[in-house]
Asker: 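Below are the structure tokens for one structure; questions will follow.
Just so we're clear, the structure is a prediction, and the values are computed from it rather than from any experiment.
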Amino acid sequence: MSSSPCSALSLPDQLNLIEKLQVFKIQGRDKRGLKLLHIIGKFFPARLVSSEALKKYLENRVFPKLDEKPFSVVYIHTDVQRSENFPGISTFRSIYEAIPAHVKDHIEAVYFVHPGIQARLFLATFGRFLFSGGLYQKLNYVTRLEFLWDHVRRNEIEVPEFVYDHDEELEYRPMMDYGIESDHPTALSMVDSPLTMYSMRCIA
């Protein structure tokens with residue numbers, strides 16, 4: 001697969017950018033003692049990084065650290081915006097298909113923090129298409145951080161301050177959970193967004 005025209009950065013620069021932004025971390029363990037792959041969606045530079053770079057980064061710098069053993073994923077969706085952090089449906093599909101089968105098989109659970117109603121609708125519509133092999137059934141929505149600590153050892157992972165701030169805001173504005181109040185258009189509106197079409201052109 002050739003370098004994507006979507007990014008003006010060279011492939012090494014894209015890899016270094018992902019590393020610098022700390023989008024992915026192997027950090028902490030869940031309550032069962034399994035390693036955690038910690039992903040901060042807001043940090044992902046979708047407009048600067050190609051699907052090729054992301055797949056290479058995962059292959060070379062993330063998957064080897066999982067030691068071919070069962071692990072869980074904590075994905076923090078807080079403040080993800082379609083124009084900045086969402087790579088597009090076809091890119092998601094391409095990346096997921098590139099994950100080695102033994103890595104997929106070792107995923108025990110995915111904790112999706114702060115999904116909101118739009119992300120839930122998006123995954124209800126596209127989840128089974130995007131995530132084959134039973135991964136969709138391993139998806140757990142976590143609307144508040146307090147519920148994450150039921151599954152994850154709290155003192156072993158670093159959660160950015162903006163996630164705690166959003167969590168507190170949800171306590172005062174609970175309708176944000178149901179899409180009645182929303183500061184950030186996310187998943188459902190991503191389906192027909194220019195970025196989605198842009199990403200689809202990039203990996204065609």
Asker: Would a 4.5 Å heavy-atom cut-off, applied to side chains only, mark Ile26 and Val62 as touching?
Answerer: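 When only atoms from C-beta onward are counted, Val62 and Ile26 do touch, with a gap below 4.5 Å.
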Asker: Does the Gln27 side chain pair with the main chain of His38, one donor and one acceptor, at a distance under 3.5 Å?
Answerer: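 The answer is no, because no donor-acceptor pair under 3.5 Å joins these two groups.
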Asker: With under 30° as parallel and over 60° as perpendicular, where do the rings of Tyr75 and His77 fit, or are they tilted in between?
Answerer: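 The rings of Tyr75 and His77 sit tilted, inter-plane angle from 30° to 60°.
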Asker: Locate the shortest heavy-atom distance separating Gly41 from Val80; write the atom from each residue and the value.
Answerer: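 Closest heavy-atom pair between Gly41 and Val80: C-CG2, 3.6 Å.
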Asker: Please report the interatomic distance OH(Tyr111) to CG(Leu139), rounded to the nearest 0.5 Å.
Answerer: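 Tyr111 atom OH to Leu139 atom CG measures 11.0 Å (nearest 0.5 Å).
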Asker: Any side-chain heavy atom of Leu48 sitting closer than 4.5 Å to one from Leu17?
Answerer: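 The answer is yes, as the side chains (C-beta and beyond) meet within the 4.5 Å cut-off.
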Asker: Mind checking the CD1-CG spacing from Ile99 to Leu135? Nearest 0.5 Å is all I need.
Answerer: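 Going from CD1 on Ile99 over to CG on Leu135, the span is 8.0 Å.
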Asker: Looking at every heavy atom in both Leu123 and Tyr136, which two are closest together, and how far apart are they?
Answerer: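 Scanning both residues, the minimum pair turns out to be O-CE1, 3.4 Å.
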Asker: What I'd like to find out is whether the side chain of Leu11 reaches to under 4.5 Å of the side chain of Glu52, using heavy atoms alone.
Answerer: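 Leu11 vs Glu52: side chains touch.
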Asker: So, for Asp167 and Arg144, which heavy atoms are closest and what is the spacing to 0.1 Å?
Answerer: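 Closest approach of Asp167 to Arg144, heavy atoms only: OD1-CA, 3.3 Å.
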Asker: Where the side chain of Gln14 meets the backbone of Ser50, is there a donor-acceptor pair that is under 3.5 Å apart?
Answerer: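 Present.
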Asker: Show the numbers, then the answer: is there a side-chain contact (heavy atoms from CB on, under 4.5 Å) between Asn155 and Arg153?
Answerer: CA-CA 6 Å; Asn155 62 343; Arg153 298 176 184 176; 4.2 Å; yes
Asker: More than 12 non-hydrogen atoms from neighbouring residues, nucleotides or ligands closer than 6.0 Å to NZ on Lys25, yes or no?
Answerer: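 Counting neighbours around NZ of Lys25, more than 12 heavy atoms of other residues, nucleotides or ligands fall under 6.0 Å, so yes.
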Asker: Please name the pair of heavy atoms, one in Ile157 and one in Gly28, separated by the smallest distance, quoted to 0.1 Å.
Answerer: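 Closest pair (atom of Ile157, atom of Gly28, distance): CG2-CA, 4.0 Å.
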Asker: Regarding Lys138 and Glu108, does a basic nitrogen lie under 4.0 Å from an acidic carboxylate oxygen?
Answerer: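 No, Lys138 and Glu108 are not salt-bridged.
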Asker: Taking the side chain from His106 and the backbone from His102, do they hold a donor-acceptor pair closer than 3.5 Å?
Answerer: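 Yes; judged by distance alone, with no hydrogens or angles, the pair exists.
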Asker: For Lys35, is there an ion pair with Asp67 - N to carboxylate O distance below 4.0 angstrom?
Answerer: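 Answer for the salt bridge query: yes.
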Asker: Is the shortest side-chain heavy-atom distance between Leu145 and Val163 below 4.5 Å?
Answerer: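 Heavy-atom side-chain distance check passes, below 4.5 Å.
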Asker: Nearest 0.5 Å, please: how far is OG1 in Thr78 from CD1 in Ile40?
Answerer: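 The OG1 atom of Thr78 is 7.5 Å from CD1 of Ile40, to the nearest 0.5 Å.
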Asker: Quick one: does NZ or CZ of Arg120 land under 6.0 Å from the six-membered ring centre of Tyr141, within 45 degrees of the ring axis?
Answerer: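 So Arg120 does make the cation-pi contact.
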Asker: Evaluate side-chain contact (heavy atoms from CB on, under 4.5 Å) for Phe24 paired with Leu54, printing each intermediate quantity in order.
Answerer: CA-CA 11 Å; Phe24 303 93; Leu54 181 54; 3.6 Å; yes
Asker: Please evaluate residues Ile18 and Phe43 with respect to the criterion side-chain contact (heavy atoms from CB on, under 4.5 Å), reporting the C-alpha separation (whole Å), side-chain torsions for both, the decisive distance (0.1 Å), and the verdict.
Answerer: CA-CA 9 Å; Ile18 298 172; Phe43 292 169; over 6 Å; no
Asker: Compare every heavy atom of Leu15 with every heavy atom of Ala53, then report the nearest pair and how far apart it is.
Answerer: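 It is O-CD2, 3.2 Å.
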Asker: Evaluate salt bridge (Lys or Arg N to Asp or Glu O under 4.0 Å) for Glu156 paired with Arg29, printing each intermediate quantity in order.
Answerer: CA-CA 7 Å; Glu156 293 191 8; Arg29 294 182 182 271; 5.4 Å; no
Asker: Taking side chain as C-beta onward, heavy atoms only, is His151 less than 4.5 Å from Asp30?
Answerer: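 Sidechains of Asp30 and His151: no contact.
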Asker: Any non-hydrogen side-chain atom of Ser72 less than 4.5 Å from a side-chain atom of Val110?
Answerer: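 Heavy-atom side-chain distance check fails, nothing below 4.5 Å.
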Asker: Going only through I, L, V, M, F, W and Y residues with side-chain contacts under 4.5 Å, is there a path from Leu148 to Leu34?
Answerer: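 No, it is not one cluster - the side chains of Leu148 and Leu34 are not joined through contacts under 4.5 Å.
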Asker: With heavy-atom distances below 4.5 Å as the criterion, would you say the side chains of Asn140 and Phe112 are in contact?
Answerer: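 In short, these two side chains do not touch, never coming nearer than 4.5 Å.
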Asker: May I ask you to test the Val113-Ile76 pair for a side-chain heavy-atom distance under 4.5 Å?
Answerer: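 Yes, their side chains come closer than 4.5 Å.
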Asker: Restricting to non-hydrogen atoms, name the atom on Asn16 and the atom on Arg61 that form the minimum distance, rounded to 0.1 Å.
Answerer: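 Residues Asn16 and Arg61, closest heavy atoms: OD1-NH2, 3.8 Å.
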Asker: Could you give me the CA-CA distance, side-chain angles and deciding distance for Leu36 and Phe71, then say whether side-chain contact (heavy atoms from CB on, under 4.5 Å) is met?
Answerer: CA-CA 6 Å; Leu36 294 174; Phe71 66 97; over 6 Å; no
